[in-house]
Amino acid sequence: MLAGYDTLITNIALAVILAYSFHVVLMAGQLNLGQAGFASLGAYISSLVVPAEPLFGSLSPVLIGIPVGAAVGAGAAFLVGLPVLRLRGVFLAIGTIAFGEMVRVFMNNAEWTGGAIGLRVEKWVTVDLAWIVVAVLAYLFWRLGPSRIGRAFAAVREDELAAGSMGVDVVRTRMTSFVASGAIAGVYGVMFLYFFGRITPTTFDFSLTLGGLVTAVLGGYLVFFGPVLGAGFLTAVPEIQKALGVEAGWIHPFITGLLLLAVILFLPGGLSTLFARMRRVPAAPDPDLGALDGLPPLPDRGTPIARVRGLGKSYGAVQAVREVDLEIRSGEVLGVIGPNGAGKTTLVNMISGLETPTAGEGEILGVALGSPGGAHRFAQAGLSRTFQHSKLFDRLTALDNVLVGTHAISRSTYLRRLFWMPSARRDERRARALAWAQLRRVGLAERAHLRPSALSYGDQRRLEIARALAAHPTLLILDEPAAGMNHVEAGELAALIRGLAEDGITVLFIEHNVKMVLDTCTRLVVLNFGEVIASGEPHRVAADPKVVEAYLGAEEEESEHVR
């Protein structure tokens, strides 16, 4: 039935392979447009090692070229990624486009490439081989999605700051997606060369990159077969046009552009969004506390877990925090209050590794402040946090949000998932059990299948706390957790915080609800203009004249706040 369509079907497969090289970076929220350069390098260098005769008398010699092309593309992507991954958005795109143009100019002027004339080789790629490569890639991405690294890709795509605070090494994750993109592009270059039998430097120009990007964006990155959807859909347009006898050359690019615009406006996740919406509601496992037994014990109550001395942070002439001395002991609930602009969030940002101090020193859970590596090092040491303005992953469900929180205490499962190893299933079940346990803990188990946008503001704050708790933290930092909550919700949150302390979790939280702070904290620290003006037992601190003047407003109001 498909006789005579071999070329068309193989072209679709090649388009899918190229789209997968974009798919992997889109999964991690990157915009890499250097695939033409990686494909060109893979194609030209593979031609130096692919034999002219079949292997063992019958096998395609391209089987040697494919791993060579992947290695060349991955190596080139790693070298290019070292400088360009410091960039973001359009600047990253421009940097990678420049790389592709550099490769094209080099190949056009090198003698061993044949220059502008290009190369001619035997055609060894068949329709079967092309679709076998597609099947392998689809399998790799299918197994990637629910894995620990797959969740890290999604977290980095949604919010790099929140991902790092959950223990995800953002730099390594971005580099992993970049290298994988280069490897797949290198494979595409080899397949292209040995299917068409001839290439020139202009074969791998920007139009090729643009076509692959359009295919990937149209298909989407929310399901593993998104590139297949995109390639099949775009290929169907000219075929339908041909069947209808319409030969106007402008129709294909017009329809392609129209489809792309419609996807961007109405289906930001591409055609795969339609399939992602069809996913079943996750079934909650039976409550099984045994899944929590393997977690490392928390420090004994009263053990010093953090200490800072002379801590300061300045932004030019503005001194946000100055000369702060602070010690945090295991099991306590430490409240930090102060008027707006007092430096509270700056302080906890330094403690959690999001900002580097400009003065002083300190050690948080064994990690020195200012250590290289950023927030993920503190998260992996046992620090977890929420943010003043909620930083949830909007395109993930509540359950998937909390699963990201398990990153710091989970083992990598992807390679084991590829071989269906039982240990990978056990680790994934354990991560899911942890996530469900925290959703139950904050009262959101019935909303696990919803996205954050479908939750009330109070539920969003609770979801962020559940995600932070999924990391089994030694130190939990909450930045204004009761903001936007009514008094009933604030009371429930206070009870939750006291329960966490009883379980051995140390809590440091910033809050403007003074009554809640006084009812919840075991110790209170007051900041004003970046300096600690009082510290100690909550009610005694609240009665301090300096605190009354700086924060509570007036002495006559003091008794109301203390009551």
Side-chain angles (χ1 to χ4, degrees), residues 1-24 35-74 76 103 107 112-114 117-141 180-205 207-209 211-212 215-216 219 225 227-228 230-232 234-236 238-239:
M1 183 176 70
L2 298 177
Y5 288 92
D6 284 4
T7 299
L8 173 64
I9 296 173
T10 307
N11 273 322
I12 295 175
L14 293 178
V16 173
I17 295 170
L18 179 60
Y20 268 121
S21 72
F22 289 93
H23 181 82
V24 68
Q35 279 82 348
F38 302 133
S40 179
L41 288 170
Y44 278 106
I45 294 178
S46 70
S47 69
L48 302 176
V49 298
V50 172
E53 299 296 330
L55 303 175
F56 307 107
S58 60
L59 294 178
S60 172
V62 178
L63 295 177
I64 292 178
I66 289 175
V68 170
V72 169
V103 172
M107 295 303 182
W112 65 275
T113 64
I117 297 175
L119 290 178
R120 287 188 178 274
V121 297
E122 292 293 327
K123 299 180 180 181
W124 293 113
V125 170
T126 63
V127 62
D128 295 335
L129 178 59
W131 279 97
I132 287 173
V133 172
V134 169
V136 169
L137 290 174
Y139 177 77
L140 293 175
F141 282 96
S181 174
I184 298 171
V187 171
Y188 169 80
V190 175
M191 298 292 288
F192 187 99
L193 170 61
Y194 286 94
F195 176 66
F196 289 102
R198 182 175 184 271
I199 58 170
T200 67
T202 58
T203 300
F204 302 105
D205 59 9
S207 64
L208 179 141
T209 297
T215 304
F225 51 85
V228 180
L234 289 177
T235 305
E239 291 303 309

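Keep in mind the model is a prediction, meaning the values are calculated, not measured. Computed over heavy atoms, backbone and side chain alike; hydrogens, waters and symmetry mates excluded.
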Just by modelled atom types, is the G212 backbone N or O under 3.5 Å from a matching donor or acceptor in the Q35 side chain?
no
Verdict with supporting geometry, L18 and L208, side chain to side chain contact (heavy atoms under 4.5 Å, CB included):
CA-CA 9 Å; L18 179 60; L208 179 141; 3.9 Å; yes
Calculate, to the nearest 0.5 Å, the distance between atoms CE and CG belonging to M107 and L119 respectively.
9.5 Å
Of all heavy-atom pairs linking A43 and L193, the shortest is O-CD2, 3.4 Å
Any side-chain heavy-atom pair of W112 and I45 under 4.5 Å
yes
Search all heavy atoms of A36 against all heavy atoms of T209 and return the closest pair with its distance.
CB-OG1, 3.3 Å
Is the count of non-hydrogen atoms from other residues, nucleotides or ligands lying under 6.0 Å from R198 atom CZ greater than 12?
yes
Given M191 and F196, is the side chain to side chain contact (heavy atoms under 4.5 Å, CB included) satisfied, shown in steps?
CA-CA 9 Å; M191 298 292 288; F196 289 102; over 6 Å; no
After noting the C-alpha distance and the side-chain angles of I184 and F38, does the key distance pass the side chain to side chain contact (heavy atoms under 4.5 Å, CB included) rule?
CA-CA 9 Å; I184 298 171; F38 302 133; over 6 Å; no
Kindly compute the distance separating CG (L234) from CD1 (I12), expressed to the nearest 0.5 Å.
10.5 Å
Work out which heavy atom in V72 is nearest to a heavy atom in G42; give both atom names and the distance.
CG1-N, 4.1 Å
Quick one: are I66 and V133 in side-chain contact, heavy atoms under 4.5 Å?
yes
Could you measure the distance from the CD1 atom of I17 to the OG1 atom of T215? Nearest 0.5 Å is fine.
12.5 Å
Using the rule given for side chain to side chain contact (heavy atoms under 4.5 Å, CB included), can you reason through V187 versus Y20, listing the C-alpha separation, both sets of side-chain angles and the distance that settles it, and then say yes or no?
CA-CA 11 Å; V187 171; Y20 268 121; over 6 Å; no
Between S207 and D205, do the side chains contain an N or O donor and an N or O acceptor separated by less than 3.5 Å?
yes
Locate the shortest heavy-atom distance separating A39 from Y188; write the atom from each residue and the value.
CB-CD2, 4.0 Å
Does CG in L63 sit with more than 12 non-hydrogen atoms of other residues, nucleotides or ligands closer than 6.0 Å?
yes
Do V127 and F195 touch side chain to side chain, with heavy atoms closer than 4.5 Å?
no
Closest heavy-atom pair and its distance - A130, V125
CB-CG1, 4.4 Å
First locate atom CG of D128, then atom OG1 of T10, and finally report the distance between them rounded to the nearest 0.5 Å.
8.5 Å
Does S21 reach the main-chain N or O of S181 with its side chain, forming a donor-acceptor pair under 3.5 Å?
no
Euclidean distance, W131 CH2 relative to L14 CG, rounded to 0.5 Å
9.5 Å
Nearest heavy-atom approach of V50 to G65 is CG2-CA, 3.5 Å
Can you list every side chain to side chain donor-acceptor pair (under 3.5 Å) pair that touches residues 36-61, not counting sequence neighbours?
none
